[in-house]
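Structure record follows, encoded as structure tokens.
Naming: A, B, ... by sequence-line order, numbering from 1 per chain.
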Amino acid sequence: MKITLGAVSKPYSALKMKTGDWGTHWPKVDEELCTGCGTCEMFCPDMCIEVVKVGEEEVNGKIKEIKKAKVNYDYCKGCGLCAEVCPTNAIKMELKDIYKV
Amino acid sequence: MVRKVVRGFYAVAYAVKLCRPSVICAYPITPQTEIVENLAAMYANGELENCQYITAESEFGAASILVGASATGARTFTATCSQGLILMSEVLWNAAGMRLPIVMVIANRSLSAPLSIWNDHQDSMAMRDACIIQVYVENNQEAHDMIPQAYKIAENKEVMLPFMVCMDGYKLTHAYEPVDLLEQGMVDSFLPPYNPPIKLTTKDPLTFGCYAPPHCYMEFRVVMQRAMMRAKKVMEEVFKEWAELTGRNWGGLIATDYMDDAETAVVAMGSVVGLVREVVEEMRKDGKKVGLVKIRSFRPFPTEELRKVMKDVENIVVFERAVSFGHEGPVAIDLKSALFGHCNAKVYSFAVGLGGRDIPRDLIRKCINNAIEGKVDEGFHFEGVKEFEEVII
Ligand code: SF4
Ligand code: SF4
């Protein structure tokens, strides 16, 4: 093991740390309710919920993107902030299976 | 060298300028001192070449900016004290762990509450365990001289730690004293440019102070402790080199007077040393075998040096300007742990001058005499306290 001066390392080493197993709850997005507004994305302290294009629809003759929130479960810490701030209550925090008795 | 009558602020700021810093950053409002104001004036006048002067929104911000700047390989400086230092403290622990040789002057002042802006050592003592080198200076010449030495020690590759030059607020910072101001050529010959082995650049990004889970965290702490211990030798060498260069010998990690045959050692740090030395000299004239031990480096602590000079003394009298509440004065605590098993002297420690309370000469003399004559109990005492009634509502 090498101990570097000032604990200096190559960047992005945090990517190797999958922190997704730290929390007890998952955020689950109900795509019926999600309007793709992006509020959750703005609030997530770990930048692991993102609004992405999932399809297209025609509105008044114009093509519009359909966007929905997608959670990166590898890094989501389950803090529940996204669920708290979602204006349409599209996110529910669900207890992970391993914690169910 | 030109001798000028200058204030402590200026003596320090002028020395910083001669060290050619690349980034100076400070929070410019209370409890800031005129050190950075003087530097700002020098910057505005174009006297600081290749330097960026940044004013931050808080001390936390100032320290954070310096962490970033120092990681890029910049020579950095800041000054703060009191609540400002406490606000910086979270960042400074990181600076130490990231091994960034930021040099800062602490214009020692008390901590709130109750609100006080006057002098004592409580602020820097609160940073005692952060792996930051702490040197306490006695006068403005020593403060002026310490700045180039601080950079040379902190930037030594065996050390690579932040460095606090602690000078008493008001007592020194605001005082006019004659100071032999260094010359640029002299400082240039003494202090090479800072060129660390690892630098943060936009082309080659790095993580400083990375995540260290339990399987490797302790090892980082071990190397920090080693760096602190190696600093002792580096400091001795740099102090010696300084004495040869300037003819001003301030001593090593400690400096002593009349200790050869002393039965009673009086220990002090910072500006009060001057007064204590005079009292010791007067007592010598009265035939009392008293000596002075001035602690210059509080971190790293001069354990071996103190063991050597205290070997045969009977009484140790410590004057200090801080309290570790619930125990006693921090200098006495460390002194006793250093001497345990090496010296059987009785230790009397006196907290004096807290929150800018005046320390009269008679008080120093009385404390030393009381200790010698056994008129006071061993251990910790507050001295110079008025009669008062404690009201518990
Ligand atoms: S805040 Fe709610 S509605 Fe907006 S994108 Fe996120 S989940 Fe969808
Ligand atoms: S639970 Fe917290 S960490 Fe996970 S996606 Fe929501 S805001 Fe982000």
Point to revise | Under 4.5 Å from a heavy atom of chain A, the part of B/Ile198 involved | key: side chain
Donor-acceptor table for chain B and chain A, threshold 3.5 Å:
residue	atom	partner	partner atom	Å
B/Thr207	N	A/Ser9	O	2.8
B/Thr207	O	A/Ser9	N	2.8
B/Gly209	N	A/Gly6	O	2.9
B/Gly209	N	A/Ala7	O	3.0
B/Cys210	N	A/Ala7	O	2.9

Check your understanding: Should the heavy atoms of other residues, nucleotides or ligands under 6.0 Å from CD of B/Glu237 be counted, would the total exceed 12?
Key -> yes
Review point. In this structure, are over 12 heavy atoms from other groups packed under 6.0 Å from B/Asp129 atom CG?
Key: yes
**Study point:** Option that, when pairs with chain A are counted at under 4.5 Å, heavy atom only, ranks first among B/Ala212, B/Ala95, B/Pro205, B/Ala227
**Key:** B/Pro205
